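To start, the structure under review is shown below, and the notes come after it.
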Number of protein chains: 2
Amino acid sequence: MYAPLLAHIARYVALTPEEATLLVSYLRTQTVARKDFLLREGQVCPASYFVLRGCLRTYFISDKGTEQIIQFSIENWWVSDYASLATHMPSQYTIQAIELVEVVVFDKHVQEEVFDHIPKLERYFRLVFQRVAAAAMFRGKFLFGMSGEARYHYFNEALPGFVQRVPQYMLASYLGFTPEFLSKIRAR
Amino acid sequence: MYAPLLAHIARYVALTPEEATLLVSYLRTQTVARKDFLLREGQVCPASYFVLRGCLRTYFISDKGTEQIIQFSIENWWVSDYASLATHMPSQYTIQAIELVEVVVFDKHVQEEVFDHIPKLERYFRLVFQRVAAAAMFRGKFLFGMSGEARYHYFNEALPGFVQRVPQYMLASYLGFTPEFLSKIRAR
DNA sequence: CGCATTTCTTAACCTAGATTAAGGAGCTGC
DNA sequence: GCAGCTCCTTAATCTAGGTTAAGAAATGCG
């Protein structure tokens, strides 16, 4: 049940069996049905989530009422609204399951205790977030450095399985254009 | 010289005087003249930098040969190319001073030793990067959720001093449109 | 299995922002 | 102080992608 998370942690830091057991005692898992929500706009984000299985999307509602996806989260990814988590402000984002999803829940109210007891996890999360910082830079390059059509082709070549896995209208939203435009690209 | 950095760290973790002295012994400062570079495209990024004074921009060269800014870094910000730092691959970005800049240099080759000796810094950086993750989500909302003109007005109201501080053509690049379009917005 | 809903495609028309060109204002360096 | 460079503005024209509408295909549920 927690094996994928422990394996992921092991890539960065070596937990002793005692530390692993202790960590697991603070965690729980949650299953989210397709189309169900991990976080709804207006809620205070209560936890960080590690994706064991499935795919989630994080989106907000634009002024025009459309759903603008800013990230997908698949297996071995951490997902949350970190601003809401830290400040207890209501979130402006929605995190929804695109397919049946299973996550490990790392509740906010246990996080400090866990870090106190297992300081190695500070390092683990520092490294995880450092990759997030790198990915943010890359996404900037991706969005600004390529036309919409170029972004689609790049993404399709880099992650063909993923492209098959999500609805086209969601992919279009994430890539920054409309479903109609994506259809036009694909028809060329 | 290092007081702003130590003050920034103190917001997140309490270092003992010994830890602070030890940390400082691993650091150095660097002054970068206006228009000079902290990192050039093609270099392996050698350090993380904390901005003591001044402003830097991180950009890449687009296919059209234009400079596309993905971030500015002002006082109390950490800046680097985290992908290059971690992987030793040549960076695809350039980090350049917009005005005279002074930074604290946290060299890659001392980082592990520093974290070993001062584990509290793992927490400090975890918290710093967690804010970076939150900022990345916000930037997604900002870029996708507003028109170019709305982005300019929002930014101008949120950070008027900053808008005065950087050349218009750089601001336009960061906000995702051309200098001519920015002139048009301002003329309305 | 049928029907309702969701997803995708197509195309005509529209527009936010890009491109191009030209010139003025401000700044910098000698 | 002036020449050259950098920055900014203006406007005509163009285009990448948006909007709107309609309908087909796929999916899901009872």
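Order of the sequence lines sets the chain letters (A, B, ...), proteins ahead of strands, with each chain counted from 1. Side chains are part of it too, since the values below use all heavy atoms of this structure and drop only hydrogens, waters and symmetry mates. Nothing here was measured: the structure is a model prediction, and the numbers come from that model.
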Ignoring hydrogens and angles, write down the donor-acceptor pairs under 3.5 Å from the side chains of residues 127-136 of chain A, residues two or more places apart or on other chains.
residue   : atom : partner   : partner atom : Å
Gln130(A) : OE1  : Arg126(A) : NH1          : 3.0

Please lay out, stage by stage, how Leu27(B) and Val110(B) fare under the test side chain to side chain contact (heavy atoms under 4.5 Å, CB included).
-> CA-CA 9 Å; Leu27(B) 302 174; Val110(B) 303; 5.9 Å; no
Protein heavy-atom contacts under 4.0 Å, written 5' to 3' over nucleotides 12-30 of chain D as B (base), S (sugar-phosphate only) or - (none), form the string -----SBBBB---------
Using rotation axes that map the C1' atoms of four end pairs onto the next four (five pairs an end), what angle separates the end axes of the helix from dC1(C)-dG30(D) to dC30(C)-dG1(D), to 10°?
->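 End-to-end axis angle for the helix from dC1(C)-dG30(D) to dC30(C)-dG1(D): 60°, rounded to 10°.
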Give a yes or no on whether the backbone of [Y] and the side-chain of [X] come within a donor-acceptor separation of less than 3.5 Å.
X	Y	value
Arg151(B)	Met146(B)	yes
Thr31(B)	Glu102(B)	no
His8(B)	Pro4(B)	no

Would you please name every residue forming a salt bridge (Lys or Arg N to Asp or Glu O under 4.0 Å) with Lys120(B), sequence neighbours left out?
->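 Lys120(B) satisfies salt bridge (Lys or Arg N to Asp or Glu O under 4.0 Å) with Glu19(B) only.
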Residues in salt bridge (Lys or Arg N to Asp or Glu O under 4.0 Å) contact with Arg123(B), at least two apart in sequence or another chain |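 By the salt bridge (Lys or Arg N to Asp or Glu O under 4.0 Å) rule, Arg123(B) matches Glu112(A), Glu122(A).
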Presence of Arg186(B) side-chain N/O under 4.0 Å of dT9(D) phosphate oxygens OP1/OP2 |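 Indeed, a polar side-chain atom of Arg186(B) lies that close.
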What residues form a side chain to side chain donor-acceptor pair (under 3.5 Å) with Asp107(B), not counting sequence neighbours?
->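 Side chain to side chain donor-acceptor pair (under 3.5 Å) list for Asp107(B), sorted by chain: Arg28(B).
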Glu180(B): what forms a side chain to side chain donor-acceptor pair (under 3.5 Å) with it, not counting sequence neighbours?
->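 With sequence neighbours excluded, Glu180(B) shows a side chain to side chain donor-acceptor pair (under 3.5 Å) to no residue whatsoever.
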Could you tell me from which nucleotide to which nucleotide of DNA chain C, 5' to 3', there is an atom under 4.0 Å from chain A heavy atoms?
->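 Counting from the 5' end, contacts occupy dT7(C) to dA11(C).
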What residues form a ring-ring contact (aromatic ring centres under 6.0 Å, His included) with Tyr26(B), not counting sequence neighbours?
->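 Partners of Tyr26(B) by the ring-ring contact (aromatic ring centres under 6.0 Å, His included) criterion come out as none, since no residue qualifies.
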Among pairs that include at least one residue of residues 170-179 of chain A, which meet side-chain hydrogen bond (donor to acceptor under 3.5 Å, both in side chains), considering only residues two or more places apart or in two chains?
->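 Those involving residues 170-179 of chain A are Arg139(A)-Tyr174(A).
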So which of residues 160-174 of chain B are in contact with DNA chain C, with a heavy-atom cut-off of under 4.0 Å?
->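 Residues of residues 160-174 of chain B that come under 4.0 Å of DNA chain C do not exist, since none gets that close.
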Please report, to 0.1 Å, the donor-acceptor pairs under 3.5 Å made by any side chain of residues 37-52 of chain A, with sequence neighbours excluded.
residue  : atom : partner   : partner atom : Å
Gln43(A) : OE1  : Arg40(A)  : N            : 2.8
Ser48(A) : OG   : Gln111(A) : NE2          : 3.3

